[in-house]
Structure formats: C-alpha cells, structure tokens
There are 4 protein chains.
Amino acid sequence: MTLIPPTRLKPRKNPVQARAKATVDAIFEATAQVLLSEGLARLTTNHVATRAGVSIGTLYQYFPGKEALLYALVEQLLDQVACQIEEACAAAERPTLDDCAALFVETYFAAKTGDPEKARALYLASSHLEMSALVSRTIVRLQDAAAQMLRRCPEVRAAPPDEVVTCWVAVVTGGTRQILEDTNSAMLLPGFHIELTRLSSAYLRSAFSSGPKRSDG
Amino acid sequence: MTLIPPTRLKPRKNPVQARAKATVDAIFEATAQVLLSEGLARLTTNHVATRAGVSIGTLYQYFPGKEALLYALVEQLLDQVACQIEEACAAAERPTLDDCAALFVETYFAAKTGDPEKARALYLASSHLEMSALVSRTIVRLQDAAAQMLRRCPEVRAAPPDEVVTCWVAVVTGGTRQILEDTNSAMLLPGFHIELTRLSSAYLRSAFSSGPKRSDG
Amino acid sequence: MTLIPPTRLKPRKNPVQARAKATVDAIFEATAQVLLSEGLARLTTNHVATRAGVSIGTLYQYFPGKEALLYALVEQLLDQVACQIEEACAAAERPTLDDCAALFVETYFAAKTGDPEKARALYLASSHLEMSALVSRTIVRLQDAAAQMLRRCPEVRAAPPDEVVTCWVAVVTGGTRQILEDTNSAMLLPGFHIELTRLSSAYLRSAFSSGPKRSDG
Amino acid sequence: MTLIPPTRLKPRKNPVQARAKATVDAIFEATAQVLLSEGLARLTTNHVATRAGVSIGTLYQYFPGKEALLYALVEQLLDQVACQIEEACAAAERPTLDDCAALFVETYFAAKTGDPEKARALYLASSHLEMSALVSRTIVRLQDAAAQMLRRCPEVRAAPPDEVVTCWVAVVTGGTRQILEDTNSAMLLPGFHIELTRLSSAYLRSAFSSGPKRSDG
DNA sequence: CATGAATGAGCATTCATTCAT
DNA sequence: AATGAATGAATGCTCATTCAT
C-alpha cells in the first residue's frame with residue numbers, strides 16, 4: 001500500500017514509544033469493533049475512544065478525525081485480502097486454467113467469508129467516497145496477481161488481455177459482495193462458491209483455450 | 001413491488017389536489033438530486049426541502065422522515081430496473097443460450113449505464129440496512145425473470161438449477177456494480193459489456209449444454 | 001360568567017347559522033376529547049380539527065388559536081361545577097352547620113368525581129397561566145355560594161368572616177384535587193369524602209358555634 | 001428519596017472535576033430560574049443552557065434530556081419540603097393535638113411560602129405525568145411523619161386511622177396549593193395560615209378526642 | 001364559508017472537534 | 001502524553017397559523 005492519502009486522512013504521528021503503540025492499536029481495534037457492532041451510523045469518535053479505553057483527546061492525538069480512522073481500517077482490511085490473494089497466486093507455479101479459477105475463487109472466498117460480518121462492515125465503510133481510491137488500488141493488486149498467475153499458465157500463451165482480467169476480477173469480487181450483502185442468500189454461500197469456480201473455469205477456457213476464440217468475441 | 005414496508009417508511013398521505021401532487025414530485029426528484037450531488041452523508045431533510053423549493057414542513061406532510069424518502073427513491077429505481085429486465089426476458093420466445101446471455105446482460109447494462117450517476121447513487125442509498133429487503137426482492141425478480149427465460153430455451157431441458165441462476169444474476173449485477181463504482185475503470189465499460197456477455201455465454205453453456213454445442217453458438 | 005377575557009382568547013365570531021353552531025360544538029367537544037385521550041402535550045390544533053371532522057382552516061374561523069380552545073373548555077367545565085354548587089347552596093333554606101358541610105362537600109365531590117378523568121384533564125389545562133383568572137373567578141363564585149348558605153344558617157348569627165369561607169373552600173377544593181391527582185390514592189375516594197365532610201363540620205362548628213370562640217383564635 | 005427513576009430520567013454522569021460540578025450546579029439552578037420566569041411551556045433545553053451560561057452540548061453531557069432536568073428539580077424541591085416536615089414532626093416528643101396541628105401547618109407553610117414563586121413553579125412542573133410518582137412518594141412521607149407524631153400524642157390512644165391522616169395531609173397541602181396558585185388570594189396568606197391551623201385542630205380533636213377536651217388546648 | 005396545502009420558527013438532541021489542565 | 005469538559009453547528013422533526021383556491 002503505497003498510496004498517498006490526503007493529508008487529513010493520514011495519522012498525525014507515528015508512535016515511537018511502546019505505550020503509544022499500544023494506544024494506537026487499541027484505538028484501531030476499537031474502530032473495527034464499533035463498526036461491526038454498531039454500524040457506520042453509530043460509529044462516533046467518542047464511542048470508539050470509550051471502547052478503546054482511552055480519552056477522546058488521546059484519539060485525536062493520533063488521528064486527525066473520524067475519516068482517518070475509517071481510512072486506516074479499510075486500508076488494513078483491504079490489504080489483508082490483497083496480500084492473501086497475491087501470496088496464493090504467486091505460489092502457483094505452472095497452474096492449469098482450472099487451477100487458476102479454483103485458486104483465485106477459493107482464496108478470495110476464504111478471505112471474505114472467514115468473517116462475513118467483517119466483510120459486510122468493510123463494504124459499508126468503503127461506500128464512502130473517500131475510500132474509492134483505496135478500493136480501486138486493491139482491485140488493481142488483485143488484477144495484477146491474477147494476470148501474473150495466468151501468464152504462468154501453460155494454456156495461456158500471451159499476456160492475458162486486460163478486459164478479461166478486469167471482467168473476471170470484477171465478477172468474482174462483485175458477485176461475492178452481492179451474495180454476502182443479501183441476508184436472504186446467506187445459506188447459498190457453499191453452492192455459490194462451487195458455481196463461481198465453474199463460472200471462472202468456463203470463462204477462462206473460453207477466453208484462453210486453443211483456437212482463435214477471441215476473434216469471434 | 002408489493003412489499004409491505006414498515007409504517008414509518010410509507011408515505012404519509014396521498015395528495016388529492018393537483019398542487020400537492022406537484023409538490024410530492026418535486027420532493028421526490030430533489031431527493032434523487034441531492035443524493036447524486038451530495039452523497040448519502042449530506043442527504044438531509046432540510047437540504048432536500050430546499051432543493052425541492054418547498055418548506056421543511058411540507059416535506060414532512062408527505063414523508064414521515066428521511067428514511068421514507070430514501071425508501072421511496074430506492075423502491076422506484078429498483079423497480080425500473082426489474083421491470084425492464086422482466087419485459088425483455090418475457091419477450092424472448094425461443095432464445096438460444098447465447099441469446100439469453102446477450103439479452104440479460106444487454107438489458108441490465110442499458111438500465112444501469114443509461115444514467116450511471118443515478119446507478120451509483122442507488123448503490124449508495126441501498127447500503128442502508130432498511131433497504132436490504134427491497135434489494136433482496138429485486139434480486140428475486142431478476143432471478144425469476146432469468147429462470148423463466150432459460151426454461152423457454154431449447155437447449156435447457158429441465159428447470160434451471162437455483163444455484164446457477166443465483167450465481168449468474170449475482171455475477172452480472174455484482175460485476176456491473178464493481179465496475180460502475182470504480183471511478184478508475186469507467187473507461188472500460190464497453191469492453192466490460194462484451195466480456196460479461198462472453199462470460200455469461202460460457203457459463204450458461206457449461207451449465208446447460210451436455211456436449212460440445214459450441215457449433216450452434 | 002361575565003369575565004372579559006383578553007381579545008385573543010375570545011371566539012372570533014358567534015355562529016348564527018345552525019350549521020355553524022354544529023361546527024363549533026364539534027370543535028369544542030373534540031378539544032375535550034383530545035385533551036382527555038392524549039393529554040395537554042399532544043393537544044394540537046390539527047389533531048382537534050381532525051377529531052372534530054372539520055378542516056384546520058375552519059377551526060381557525062371560530063377560534064383565534066389554541067389557547068382560545070383551552071380557555072373555552074376550561075370556562076365551560078368550571079362553570080358547570082360552579083353552577084351546581086350555586087344551585088345546591090341556594091336550595092338549602094334553613095340548614096344546620098352540618099347540613100352546610102355535607103351539602104357543599106357532597107355537591108363538589110359529585111361534580112368532580114362524576115368524571116374523574118375529566119377533572120384531571122381540567123386540572124392539567126388550568127395550570128396554564130392564562131387560565132388563572134378563570135379559576136380565581138370560579139373560586140369566588142364558590143365562596144359566595146357558601147357564604148350565602150352559611151348566612152341562612154340559624155347557627156351563624158353574623159355574616160361569615162371571609163377568612164373562614166376562603167379557608168373552607170380552599171381546603172375542600174384543594175384537598176379534593178390532591179386526592180384526584182394522586183393516582184395512588186384513587187382507592188381512597190369514598191373514605192376521603194366522609195372525612196372531608198367530618199372535617200368541614202368540625203371546622204364550621206369551631207368557627208361559628210355559640211360562645212366567643214373567635215376571640216381566642 | 002430512594003426512588004429508582006427510569007434511565008432516561010437519571011443524570012448521565014457524575015462530574016469528577018471541580019469545573020464540572022460547577023457546571024452541573026449552574027444548569028440545575030438555571031432550570032429552576034427558567035421555570036420560574038418563563039413557565040413550563042417556555043422551558044426549553046436551549047433556553048436553560050443559555051441561562052446557565054453553558055452550551056447546549058454541555059447540558060446534554062449531564063442530563064439525558066429535558067425531562068431529566070425537571071425530574072431532578074422536582075425531586076430536590078419535594079425532598080426539601082419532606083425533610084423539613086419529617087424533622088419537625090420527629091422533634092415533637094409529647095405533643096398535644098393542637099401542637100400537632102400547629103406544628104405541621106406551621107412547618108409546611110414555612111417550607112412553601114418561604115419562596116412562594118418556587119412553590120408555584122414546583123406545582124407547574126409536577127403536573128407532568130412523569131412526576132406523579134415523585135409527588136405520590138412525598139405525600140406518603142408527609143403522611144408517615146404526621147402519623148408518627150400523632151401516635152406520640154397523649155390524646156391519641158391508638159394508631160391514627162389512615163383516612164384521617166390522608167385527609168388531613170391532603171387538605172393542608174391541597175388547601176395551601178389552592179391559595180398559592182390563586183394570585184388573587186396572595187394577600188390572604190397570613191389569615192389562611194391561622195384558619196388552617198384552627199381547622200386542623202378542630203378536625204384532629206373531632207377525630208381523636210372522646211369528650212370535650214377543649215379545656216386543655 | 002370551508003378546505004387543506006404550505007409555511008417556518010422553534011425545539012430536542014447528536015457528535016466531531018478543541019483546548020485548558 | 002493524556003485527559004475530559006466544553007463547544008456549537010447541524011439535523012430531524014413538530015405544530016400553530018396563514019391563505020390561495
């Protein structure tokens with residue numbers, strides 16, 4: 001994450017003492033907790049400070065405002081997902097297309113559904129306009145990871161076209177979000193996982209398998 | 001849309017005089033405008049009333065509160081999309097799988113990208129918990145429309161499995177959302193449209209075709 | 001009731017047509033109903049008009065404002081009580097002191113406890129500063145009625161002293177109010193009635209019975 | 001006063017710093033002042049805050065709302081009266097009936113008429129439904145104090161009947177209220193005091209003395 | 001006369017943020 | 001560094017009252 005966030009979103013100071021580090025961690029953790037337990041609307045700085053066990057004054061010593069808290073939280077959560085994907089993709093040395101499909105879907109799913117409530121909270125928080133650059137950047141990381149994995153795939157001879165990678169990543173991440181956000185379809189998660197893998201395989205094969213397939217698209 | 005929303009989300013009274021009708025329309029339109037121009041956080045009842053050119057009291061004569069305003073807006077926008085999809089799907093009499101894929105994606109895309117800003121506003125508004133039932137219901141309508149179209153498809157012999165329809169609809173709607181919300185990928189819309197159609201074709205064929213039916217695609 | 005209320009408390013026009021009379025009565029009755037069922041805080045002009053089955057505009061044709069409604073209501077209710085007392089006292093031709101005590105307490109009690117809820121509502125409404133003159137005037141009527149009855153009493157040789165009449169009336173009306181307003185002592189009403197009569201007898205005898213009693217007070 | 005008020009009527013937090021204590025006192029005092037000078041209808045939280053010289057936010061740091069302010073005020077004022085009565089009654093060791101009458105009336109009168117305007121404000125505030133339990137409880141305290149004093153009275157052989165105590169207390173408190181609330185009879189206070197004492201003596205004697213014990217009064 | 005749509009001042013309350021201690 | 005009391009702009013909402021139809 002080498003983003004350069006607007007000044008007012010950057011933490012005010014980097015804690016140097018151990019005590020200060022602990023304080024920042026507590027505030028940070030409390031932000032996540034409150035977001036999960038109360039929702040975005042009830043996420044107030046005073047509430048976060050109380051939950052963190054520090055005074056509101058202390059909170060403002062480290063974060064210039066409410067947005068900065070959210071920014072840091074979203075940044076961390078998105079980074080976790082991106083790192084997991086990047087690691088998993090990098091670990092696949094000579095994957096088949098089906099391997100690629102299964103690996104990507106599997107890893108993304110695990111990252112998101114391991115704590116579905118956290119995922120929903122993240123979706124909520126990232127709706128803020130301020131976060132869109134952060135989300136954008138994460139998507140690029142996922143696309144890059146996927147593209148490099150595909151390039152190492154024997155079935156894919158050239159660099160995978162951007163449109164294909166973009167579409168695939170959008171469909172996996174967006175589809176998963178759709179399912180996670182719809183409380184009514186929470187039961188369908190396992191089935192969706194299977195179908196999303198099949199869908200990915202089918203799409204990647206149609207895009208990359210032998211023959212001049214892309215010319216008829 | 002035959003939902004029965006909680007009382008506090010229903011409009012307070014139906015205007016009887018012509019003047020009142022115009023007022024309600026103005027308020028309604030202003031809600032959409034403010035949501036688009038200011039975002040959900042800046043959507044205040046006073047702001048909406050001002051934009052609508054009426055007093056705050058007048059707004060509360062027709063809507064019991066801010067949530068009701070949003071509810072009505074989301075209801076209308078979702079209903080528009082669902083109706084377009086339902087009509088388009090119903091009009092396809094003996095579609096091929098590729099027809100199904102193209103038709104659904106095409107219609108959904110047209111509905112969403114005809115006014116992309118409105119679509120983004122809708123995404124924003126619908127992240128409110130109160131709206132989730134509304135969104136859920138709309139998804140069901142899309143799934144039903146898709147399922148019935150597939151059933152009329154000669155290549156599909158039985159009723160299409162729920163998981164397939166759920167996955168397909170989630171992937172199309174969620175993927176589109178992902179692209180629309182990411183300001184960086186706004187340029188990629190046409191390419192995404194093509195790929196999403198290809199993806200849909202590939203997935204539907206893999207789900208429904210028993211053999212290498214690609215020759216009739 | 002020959003009070004001269006402030007202009008803004010007087011009804012705006014005296015209805016001459018029969019329809020208008022019915023309208024005024026309906027508004028008036030609705031005011032009482034709303035006060036009883038909703039309390040003073042929820043007594044709104046719009047609510048009253050709706051309950052009366054007329055438009056808010058019509059209400060304002062007859063009453064210059066909310067206060068005027070309350071004023072008229074309180075006036076009527078107080079007048080009813082005063083009239084009952086006046087009639088009962090005037091009907092006693094040669095009462096004993098015990099007759100006086102029993103008659104006054106009995107009549108006041110009957111007037112107030114016949115509809116205890118109405119009485120409580122009246123107490124509420126009359127807390128308004130604007131109503132104090134009205135209450136004052138009613139008290140004077142009760143005092144006059146009591147004084148004239150006592151003067152016709154053979155045991156009372158001179159005109160009853162003002163302090164005695166004032167105290168007696170205050171104690172009967174105030175004591176009754178205390179009991180009626182205390183929801184916990186609602187059960188004690190019959191017992192209180194008996195005691196209040198005994199108290200009145202004892203007080204009047206101590207004030208008026210033969211012997212130079214007042215000189216030692 | 002060991003009542004357990006509903007949460008929303010209890011103060012929000014106990015001030016720990018000296019500055020905070022002063023703030024709470026100022027708010028509290030301002031509430032009384034505004035109630036006295038403006039009446040219940042004009043008692044607004046903003047008005048109170050302004051009068052107290054603090055911001056509206058500060059007020060809400062200590063009181064959860066307008067009702068809590070009133071509740072605290074009424075509680076304090078009623079408690080003062082009850083404590084004075086309890087002390088005075090407890091101090092009478094072997095009182096005659098006339099002593100009882102004089103003591104109770106004297107003490108109650110002193111408590112109420114020491115600051116007649118405050119007393120009127122209290123009557124206003126206590127007409128709120130929420131306060132009725134508080135008033136009820138105070139009345140019980142007065143009744144208990146009076147009953148225990150009477151029991152120590154040589155002329156009263158058994159425990160005084162509830163009806164008598166209830167009636168007496170109601171008549172003293174209610175009669176006093178009647179006089180205090182009637183601006184026209186404000187001049188009569190001293191005369192009323194004398195008469196109320198005479199009335200109390202006469203009632204207590206009629207209730208407790210077996211014969212004509214007037215000779216020892 | 002009656003209607004009811006429209007008004008807007010006013011109120012209760014929240015919460016991000018500052019600053020003296 | 002940490003505290004927490006204080007701030008006050010901003011928000012959702014009510015309701016007495018007016019006036020064009």
Side-chain angles (χ1 to χ4, degrees), chain A residues 13 15-17 19-20 23 41-50 54-69, chain B residues 13 15-24 41-50 53-67 69, chain C residues 13 15-17 19-20 23 41-50 54-69, chain D residues 13 15-24 41-50 53-67 69:
Chain A
K13 51 183 165 187
V16 288
Q17 301 182 2
R19 181 175 54 154
T23 300
R42 300 261 179 256
L43 181 85
T44 72
T45 51
N46 284 277
H47 199 146
V48 168
T50 301
V54 301
S55 73
I56 181 64
T58 299
L59 186 152
Y60 273 87
Q61 299 249 339
Y62 294 102
F63 296 92
K66 185 190 184 179
E67 299 288 324
L69 277 174
Chain B
K13 63 178 174 187
V16 291
Q17 299 184 2
R19 182 173 53 148
K21 180 65 168 53
T23 299
V24 170
R42 302 257 181 261
L43 182 83
T44 70
T45 50
N46 284 279
H47 202 143
V48 168
T50 302
V54 301
S55 75
I56 181 63
T58 298
L59 185 153
Y60 276 91
Q61 293 237 343
Y62 298 102
F63 296 91
K66 182 190 182 177
E67 302 285 322
L69 233 33
Chain C
K13 51 182 164 186
V16 289
Q17 300 182 3
R19 182 176 54 155
T23 299
R42 301 259 180 257
L43 181 85
T44 71
T45 51
N46 284 279
H47 199 147
V48 167
T50 302
V54 301
S55 73
I56 182 63
T58 299
L59 186 151
Y60 273 86
Q61 297 252 336
Y62 294 101
F63 296 91
K66 185 189 184 179
E67 299 287 324
L69 277 174
Chain D
K13 64 178 173 186
V16 291
Q17 298 184 1
R19 181 173 54 147
K21 180 67 168 51
T23 299
V24 170
R42 302 258 182 259
L43 182 85
T44 70
T45 50
N46 285 280
H47 202 144
V48 168
T50 303
V54 301
S55 74
I56 182 62
T58 299
L59 186 151
Y60 275 89
Q61 293 237 342
Y62 298 101
F63 297 91
K66 181 189 185 179
E67 302 284 322
L69 233 34

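These figures come from a predicted structure and were not determined experimentally. So you know, we letter chains A, B, ... as the sequences are listed, proteins then strands, and number each from 1.
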Novice: Between P on dT14(E) and NZ on Lys66(A), what's the gap in Å once rounded to a whole number?
Specialist: 15 Å

Novice: Below the 4.0 Å mark, does dG4(F) have OP1 or OP2 next to a side-chain nitrogen or oxygen of Ser55(A)?
Specialist: no

Novice: The side chain of Ala20(B) is closest to which nucleotide in this list: dT18(E), dA5(E), dC13(F)?
Specialist: dA5(E)

Novice: Please report, rounded to the nearest Å, how far the C1' atom of dC13(F) is from the CG atom of Leu69(B).
Specialist: 13 Å

Novice: Would you list the protein and nucleotides 19-21 of chain E atom pairs, both N or O, that sit under 3.5 Å from each other?
Specialist:
none

Novice: Assign Thr44(C) to base, sugar-phosphate, or nothing according to its heavy-atom contacts below 4.0 angstrom with the strands shown.
Specialist: sugar-phosphate

Novice: From CZ of Phe63(D) over to C1' of dC11(E), roughly how many Å is that when rounded to an integer?
Specialist: 19 Å

Novice: What integer distance in Å separates Ile56(B):CD1 from dC15(F):P?
Specialist: 15 Å

Novice: At their closest point, which heavy atom of Arg42(B) faces which heavy atom of His47(B), and how far apart are they?
Specialist: O-ND1, 3.8 Å

Novice: Establish, with yes or no, whether the OP1 or OP2 oxygen of dA16(E) is under 4.0 angstrom from a side-chain nitrogen or oxygen of Thr45(A).
Specialist: yes

Novice: Considering only the P atoms, how many Å lie between dC1(E) and dT21(F), rounded to the nearest integer?
Specialist: 22 Å

Novice: Calculate the interatomic distance between Leu59(B) atom CG and dT7(E) atom P; express it in whole Å.
Specialist: 11 Å

Novice: Do the side-chain N or O atoms of Thr58(A) get closer than 4.0 angstrom to the phosphate oxygens (OP1, OP2) of dT3(F)?
Specialist: yes

Novice: Pairs counted only when both distances fall under 3.5 Å, Watson-Crick or G-U: show me the 5' to 3' dot-bracket for DNA chain E, [ ] for pseudoknotted crossings and | for other-strand partners.
Specialist: .||||||||||||||||||||

Novice: Between Asn46(A) and Thr23(C), which is nearer to the 5' end of DNA chain E once each is assigned its nearest nucleotide?
Specialist: Thr23(C)

Novice: What is the distance from CD of Glu67(D) to C1' of dC11(E), rounded to the nearest Å?
Specialist: 13 Å

Novice: Within the structure shown, what part of the strands sits under 4.0 Å from Leu43(B) by heavy-atom distance: base, sugar-phosphate, or nothing?
Specialist: sugar-phosphate

Novice: Which distance, rounded to the nearest 0.5 Å, do you find between the CD1 of Ile56(A) and the OG1 of Thr50(A)?
Specialist: 7.5 Å

Novice: Could you check if a side-chain atom of Thr45(C) sits within less than 4.5 angstrom of a side-chain atom of Tyr60(C), using non-hydrogen atoms only?
Specialist: yes

Novice: Closer to the 5' end of DNA chain F via nearest nucleotide, is it Ala41(B) or His47(C)?
Specialist: Ala41(B)

Novice: Of all the heavy-atom pairs spanning Tyr62(A) and Ala20(A), show the shortest one and how long it is.
Specialist: OH-CB, 3.2 Å

Novice: Less than 4.5 Å apart, side chain to side chain, heavy atoms only: is that true for Leu43(B) and Leu69(B)?
Specialist: no

